[in-house]
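In what follows, a structure is listed as structure tokens, so that the remarks can point back to it.
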Amino acid sequence: MGKVSRMSGQALVSIRALKRSFGDVRAVDGVDLDIREGEFLTLLGPSGSGKTTVLRMIAGFEKPDSGSITLAGKDVSQLPPYERDVNTVFQDYALFPHMDVLTNIEYGLRVKGVSKEERRAQALVALKQIRLEGYEDRKPAQLSGGQRQRVALARALVNKPSVLLLDEPLGALDLKLREQMQIELKALQREVGITFIFVTHDQEEALSMSDRIAIFNHGKIEQLGTPREIYDNPKSAFISEFVGQTNRIEIDGKKVNIRPEFVSISKSGTTGDRVVQGILRDEIFVGASTRYLVETNLGFSMISTQVENDLKIGDAVTLSWQKEREFLVQI
Amino acid sequence: MLQEVANTMHKRPKLRLFALLTAPILWLVVAYLGALATLLINAFFTIDSFTGNVVQTFNFGNFQDMFSDAAYKNVVLRTLGIAGAVTVLCTILAIPMAFYMAKIAKPETQKILVALILTPLWASYLVKIYAWRTMLEPGNGVLDWLLGPIGFKSPGFGGPAIIIGLSYLWLPYMILPLYAGLSRLPSNLLDASGDLGAHNWYTFRRIILPLIFPSLVAGSMFTFSLSLGDYITATIIGGKLQMLGNVVYQNFSINLPFAATIATIPVTIMAIYLWMVRRTGALANL
């Protein structure tokens, strides 16, 4: 992967033994994480897994019960948000409704006492970067969701923070726009070279954008690695199902996992050293690909996306795959 | 029978509208605008100084009398000052309270606090003001008894007492709109402001204050106009001090047209106040 070269920097953010409870709920239950300078790190997990709470503690909106957060060598865990060199893009943008686009983008610079001409100039550069020239006088209410999203991004980036925190920033957009913004966001990150910490529950988004992914479950990081490492070698059953699809089967008394795209279906021929017989039961069309459901004679069903032509439902088929593509999970 | 009425109403939207609005319109036109018009007309009449009867000839005599006598100007300025001070005091007390209720307190606590703030409104106005009379009584009042040992003295009856009493009475009318306004204000705007480097005071001035301004205006319309028209509080705890309402009340029995003339002053002030508020655009977002 070409991404690997970007990941040799020092740890910019270090999180150690971080804990935070809300009442009886242990939202964050002992998190350790090093985030390198310039990387795009995604905190991925289902809702309630603690990823957003970690982000809010890095930003300073929540105080940890225990543990530390170090930013560029300095413990910031007890500092208020305004004394941390990080900026946040909020889930629903949090643009100031009474200010126009330019005033919103300028806000951080104005707080810091940057002169009017200087901050205006910088805000206009940021506006150009997000391709919203000519929109400086609009109020947030007069913008579309995607435009608001970009303004929120510019408002944060214009301050040149050492870390940009993004809290499910694409969640409110429709699919088409979301995919477009994923590409733009990734390109923007390469351009500005700022460390991005990105929170999402969308595994595809995480896989396509991140240098590394930290998978959250029940307030802990279950696995940390590149998208490829996580997809090919998920450490737990939870991850194998949360990230991508998987067939969890038992062969020769051993529980193994195999991704649907590595399983091929044919009438007779085989493409691997593992072979199972079965009957084609269903065909599920999902746009770009089709999933095929096969009931095997070993008593379980499997899904595959690799199929030879001219198969009909009810046909007796052969499933085959390379044994080396199988993976075990520790838990 | 009831079914027939319902069916007829359903078929005839104009009849429905008539049934809906007759009572409120009658009330507004006859009781409210009618009274206001009578007041205005009376202000231009005079009184026969010998018989004491109202002479219904249109003239500006009352207004000339009012504007030529410096005493009335003083009363107007004093009343404006008191109403302004009450509004400022209520605002200063209400903002932190409303902020706590809307943004910090747990939902259950919020409900209790709203109930507590509404409770004094159920008690009689007179009871509350007489209570303040006992509190403020110089020498043997509750305030002197309680705070005397630490060197604090009751302000006694007069301007400060009126301001305290009226602020106490109208405070809920300021807290409730502010609470509603702050509840509508998304909390993440405050997070965003802090995130962009703003201290709490900066966030308050640049984000919170502009966004709750309509609520502030709504609250101030209550505290300001209710103070402007008050005369009972001034009578009970104002000592010798008079407000516009007292002057109207004194003239009411001896010179009705002149009382009406003076009563046009608070009406005019409120009209100007509303006009100014309208210009700020605050009413559009109410």
Counting heavy-atom pairs under 4.5 Å with chain B, which one of A:Val158, A:Asn87, A:Leu95 comes out on top? A:Asn87
If you count heavy-atom pairs under 4.5 Å between each of A:Arg155, A:Glu83, A:Gln91 and chain B, which one has the most? A:Arg155
Within a reach of under 6.0 Å around [atom1] of [X], are more than 12 heavy atoms found that belong to other residues, nucleotides or ligands?
X        : atom1 : value
B:Phe222 : CZ    : no
B:Tyr202 : OH    : yes
B:Arg16  : CZ    : yes
B:Arg78  : CZ    : yes
B:Phe18  : CZ    : no

Which atoms of B:Leu211 come close to chain A, meaning under 4.5 Å heavy atom to heavy atom: side chain ones, backbone ones, both, or neither? side chain
So what's closer than 4.5 Å to chain A heavy atoms on B:Ser193: side chain, backbone, both or neither? both
Need one label for A:Asn159: side chain, backbone, both or neither, based on atoms under 4.5 Å from any heavy atom in chain B. side chain
Could you report the tightest heavy-atom contact between B:Asp195 and A:Thr88, atom names first, then the distance? OD2-N, 2.6 Å
Using a heavy-atom distance cut-off of less than 4.5 Å, which residues of residues 104-127 of chain A contact chain B? A:Tyr107, A:Gly108, A:Arg110, A:Val111
Neighbours of chain B found in residues 53-73 of chain A - heavy atoms under 4.5 Å: A:Arg56, A:Ala59, A:Phe61
To the nearest 0.5 Å, what is the distance between NE2 on A:His98 and CZ on B:Arg206? 9.0 Å
Test side-chain contact (heavy atoms from CB on, under 4.5 Å) applied to B:Leu189 and A:Phe90, step by step: CA-CA 9 Å; B:Leu189 294 185; A:Phe90 291 83; over 6 Å; no
Partner chain A: residue of B:Asp191, B:Thr203, B:Asn200 with the largest heavy-atom pair count (under 4.5 Å): B:Asp191
